[in-house]
Amino acid sequence: MKNWWKVKTCGVEEINEGSIDGGSQYSLSNGVLPSLGARSNRRVVLRQFIISPFDPRYRIWETFLVILVFYTAWVSPYEFGFLQNPIAGLAIADNVVNGFFAIDIILTFFVAYLDPQTFLLIDDWKKICWRYVSTWFFFDIISTLPSEAIEKILPHTMQAYGLFNMLRLWRLRRASKMFSRLEKDRNISYFWIRCCKLIFVTLFAVHCAACFYYYIAAHYPDPKKTWIGVEMDDFHKADLWLRYVTSIYWSITTLTTTGYGDLHPVNIREMVFDILFMLFNLGLTAYLIGNMTNLVVHGTSRTRKFRDTIQAASSFALRNRLPVRLQEQMLAHLCLKHRTDSEGLQQQEILESLPKAIKSSISHFLFYSLLDKVYLFRGVSNDLLFQLVSEMKAEYFPPKEDVILENEAPTDLYVLVSGAMDLIVHRNGAEQVVQVVNSGDICGEIGVLCYRPQLFTVRTRRLCQLLRLNRTILLSLVQANVGDGAIIMNNLLEHLQQQTDPFMQSRLREIENMLAHGRMDLPLSLCFAAARGDEPLLQHLLRRGSEPNEPDMNGRTALHIAAANGSENCAVVLLAYGADPNINDSEGNIPLWDAIMGRHESVIKLLLDQGATLASGDMPQYACYAVEQDNLEMLKDFVRYGGNVSAAKSNGTTALHTAVSGGNAVIVKFLLKHGANPDATDTHGWTPRSLADFNGNEEIKALFDSKDEASQQSTAVVPDKEVSPRFLNKMTSNNSMDVTPRVREVTWADRQPRRQVNTFRNSLFGVMSAATRADPTAEGSGLSNSPTFGNQPARVILRCPGKGEAAKLVMLPETIQELLEIGCKKFGCHCTKVLTSDGAEVDEIELVRDGDQLCLVYDDKSIIPEN
């Protein structure tokens, strides 16, 4: 068994193991509050034989002593007033009680105490002893001594049974401490504790006054000239219980000021005592009335305050002649607020009083599952969703109350938890319901995300519970989650695209226009712009400092997406800003392979011109994929653009292995024609030839035999010699594939080093800080249209109709003549004019801006391309 003398003293943990009153360990009076910095509770274990005042077993001991105090409070005045000699039963009980208090005196020398200056539990035995001896020790000793022994010691004139017992009332301080502790215990009703305290105080005052008053009559020289002698002859011989009840009756009538009638003071002593008792009653009555009034007012003050608020609101509405509908909304909201307060539904008040971690956990438990189903937040990260839930505030709205007004400032968005609401627009002076919002729906999101006046008036149909999220908080949370901002915006656009209402479709076009011009506060990624084929938005993000090689969750960059979608203009912009044409995603795909799979010829040529090669990706996987799909055209494109069909995977498998396993003789023939090795061995020892034998495919076996015969004939023609250049030229001319080495054109991207990934510049903070700098493309920026803009050289896209559809991205020269010379070199013709995409002729180079698309005219023929 653990030594119960050693007890921890750190706050709530001061309750030792095996606590009996498990719930009371959270009461306010049950622990030592640490000082700021928590340096006050340095000692964890008290010294040997020292008792903690917060130990539960010591608390039980104190409670037992308090019960004995109640016995002392009744018997001591009773013995003093009514008994001349001790009664055997009461005398024995008194001595037993005194024995328990004597034990407590000994224990007190070993109980640690709380230093009022340092708030430390002092466990030094000498200090504990000195403190007790210098304070309450003398009073405790006097109140514990037996009455019989003291009566023998005192002089004969002072001997009176019960007189010395009155000193035991010193023990009442323990009852006062007990009531103070119980008033702070959350497991006990404060109202009933206060009522019990008032009852005990009143009964004790009545009991003591009755005992003292009877003592005055019993010791008066002439018994007939006393208050009780007038009514009762020879009252000393009357029944003791009758005399006690008579005294209590007088005490109560005097305390309640309903006397004097049948019992009243007769001699001077009684009159003096009555005067003092009635003066005491003034204070006691004030104490009782004041406490009872506070208890009653505490229960009715909320109702009184509600009535006063309703009266004030009604007066305000009448004085300002508000419409009836507004008056009803005001009163309904105030009534609902009073209802939630009176029923204990003060959700927000309770949450605000808690630490952030507990508040977040509660909000997560209550609302996370609901918010996860809202369309606007579908697909965002769990981190962002958890933070959004923590910042949302729950509110109640009565029926027919306006939550959002049309054209008001977009400060908040709302998620409906329960109930139903109407989306209302004002058309031709009348209200029209355009949509009904049900549980789990969101409203006000368009105004908040696009920062434009609210589109609808949102009005409740019945009692609704809403989650409110402030716009500023939403944007601040998205700042650290740029990808989630793009997902939120994409969800909004997809939701609007599904709407058939022309009004919503017009809002969709407005939002897309704002996105294109970069007037959105939510951060967007390059992948999002590339997926939409939005070249202006892509240029805006890159100009603001976005990293062109920024990957998404699957490792795919914006160039991957542009190549897969065939967005040539987006690919041109990305390559101009330094996007890597040979970057791999998480599956080993490169942009060139994405373009080949989509058969986007213009993008393929653009990527090849910028140095893209299939060898930089997972080339064996590309060939095997084309074979698995039985797509001969894709396989031909793979070979045409530099793919090697003999490349093997990490397990040794080649495209020929896959083709033989699939039994596709046409693809096998194509692979053998382009150098596939039928004897290549994988990690399991299988070759394409052995696979053909195993499968029994005679057609493929015949192709292998033909390949072997052709190889033998080729070896017999030129044995042990190198292939002659003439023969090489012949083979090349017979082959449909152009194997001439490509000389890649040196572009601006080659002359400019690739930028390193900058997390800050890619975040919303970086974008916003970049936005504060001067934008050379903005109107009225005050910057001239020089060939360089900011820190980046200016570049334009040239087209020449009739000389190929491929566009050329070039640096902007200093003169128009130099631009025409560049066009002559690029397209192989004599260019005479420079036109814009709208057909306007450009005479001065200062009129050209960064990123413009220009059309070159040759032989005086003005052919304008379709924009």
Side-chain angles (χ1 to χ4, degrees), residues 582 584 587-590 592-597 604 607-608 611-695 697 699-715 717-718 720-723 727-742:
N582 292 313
N584 285 255
E587 297 180 355
N589 295 328
I590 60 174
L592 179 58
W593 176 243
D594 288 330
I596 291 174
M597 287 194 297
I604 294 173
L607 292 172
L608 291 174
T613 60
L614 288 174
S616 60
D618 193 353
M619 194 158 49
Q621 177 63 31
Y622 303 158
C624 292
Y625 176 79
V627 174
E628 291 172 354
Q629 300 297 319
D630 290 334
N631 194 332
L632 182 59
E633 296 299 327
M634 184 185 298
L635 193 60
K636 289 181 179 179
D637 291 339
F638 173 77
V639 175
R640 183 181 302 115
Y641 298 119
N644 182 9
V645 296
S646 299
K649 295 183 180 180
S650 59
N651 60 358
T653 303
T654 64
L656 190 56
H657 283 87
T658 306
V660 173
S661 299
N664 194 324
V666 177
I667 292 181
V668 171
K669 181 179 180 180
F670 179 83
L671 293 173
L672 291 175
K673 180 180 179 181
H674 290 85
N677 185 8
D679 297 316
T681 306
D682 62 9
T683 55
H684 300 288
W686 289 93
T687 63
R689 192 186 304 274
S690 62
L691 286 174
D693 295 337
F694 180 79
N695 294 332
N697 194 319
E699 184 177 2
I700 294 179
K701 291 170 62 177
L703 291 175
F704 287 158
D705 294 339
S706 300
K707 174 71 173 179
D708 295 338
E709 293 176 1
S711 299
Q712 292 176 2
Q713 293 176 3
S714 175
T715 306
V717 173
V718 187
D720 299 328
K721 291 184 180 180
E722 294 180 358
V723 180
F727 183 75
L728 179 63
N729 294 335
K730 183 178 180 180
M731 291 179 61
T732 304
S733 61
N734 292 334
N735 194 346
S736 61
M737 178 182 175
D738 184 11
V739 298
T740 305
R742 296 181 181 273

- prompt: Val660 and side chain to side chain contact (heavy atoms under 4.5 Å, CB included): which partner among Leu703, Leu671, Val668?
  reply: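 For Val660, the side chain to side chain contact (heavy atoms under 4.5 Å, CB included) test succeeds with only one of Leu703, Leu671, Val668, which is Val668.
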
My understanding is that only residues two or more places apart in sequence, or in another chain, count here; which of them pass side-chain hydrogen bond (donor to acceptor under 3.5 Å, both in side chains) with [X]?
X      : value
Ser646 : none
Asn589 : none
Asp679 : Arg689
Ser690 : Thr687

task: Report the distance from atom CG of Asn651 to atom OG1 of Thr683, rounding to the nearest 0.5 Å.
output: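 Answer rounded to 0.5 Å: 5.0 Å.
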
- request: Calculate, to the nearest 0.5 Å, the distance between atoms CG and CZ belonging to Leu614 and Phe638 respectively.
  value: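 Those atoms lie 6.0 Å apart.
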
Ser661 versus Leu691, closest heavy-atom pair with distance: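 That would be OG-CD1, 3.8 Å.
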
message: Suppose the criterion is ring-ring contact (aromatic ring centres under 6.0 Å, His included): which pairs have a residue in residues 643-666, not counting sequence neighbours?
response: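 Not a single pair qualifies under ring-ring contact (aromatic ring centres under 6.0 Å, His included).
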
- request: Check side chain to side chain contact (heavy atoms under 4.5 Å, CB included) between Lys636 and all other residues, then give those that pass, not counting sequence neighbours.
  value: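 Lys636: side chain to side chain contact (heavy atoms under 4.5 Å, CB included) contacts with Leu632, Glu633, Arg640, Phe670.
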
task: State which residues pass side chain to side chain contact (heavy atoms under 4.5 Å, CB included) with Ala648; sequence neighbours excluded, sorted by chain then number.
output: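 So Ala648 forms a side chain to side chain contact (heavy atoms under 4.5 Å, CB included) with Thr654.
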
query: So, do Asn677 and Leu656 sit near enough that their side-chain heavy atoms are less than 4.5 Å apart?
result: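 SC-SC contact between Asn677 and Leu656 ruled out.
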
For residues 619-630, dump all side-chain donor-acceptor pairs below 3.5 Å to protein atoms at least two apart in sequence or in another chain.
residue, atom, partner, partner atom, Å
Gln621, OE1, Lys649, NZ, 3.3
Tyr622, OH, Gly588, O, 2.6
Tyr622, OH, Ile590, N, 3.3
Tyr622, OH, Asp618, N, 3.3
Asp630, OD1, Asn664, ND2, 3.2

query: Has the side chain of Asn584 got a donor or acceptor atom that lies under 3.5 Å from a matching backbone atom of Ser616?
result: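 Side chain of Asn584 to backbone of Ser616: a pair is present.
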
- prompt: Hey, does the side chain of Asn582 reach the backbone of Thr613 with a donor-acceptor pair shorter than 3.5 angstrom?
  reply: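 Side chain of Asn582 to backbone of Thr613: a pair is present.
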
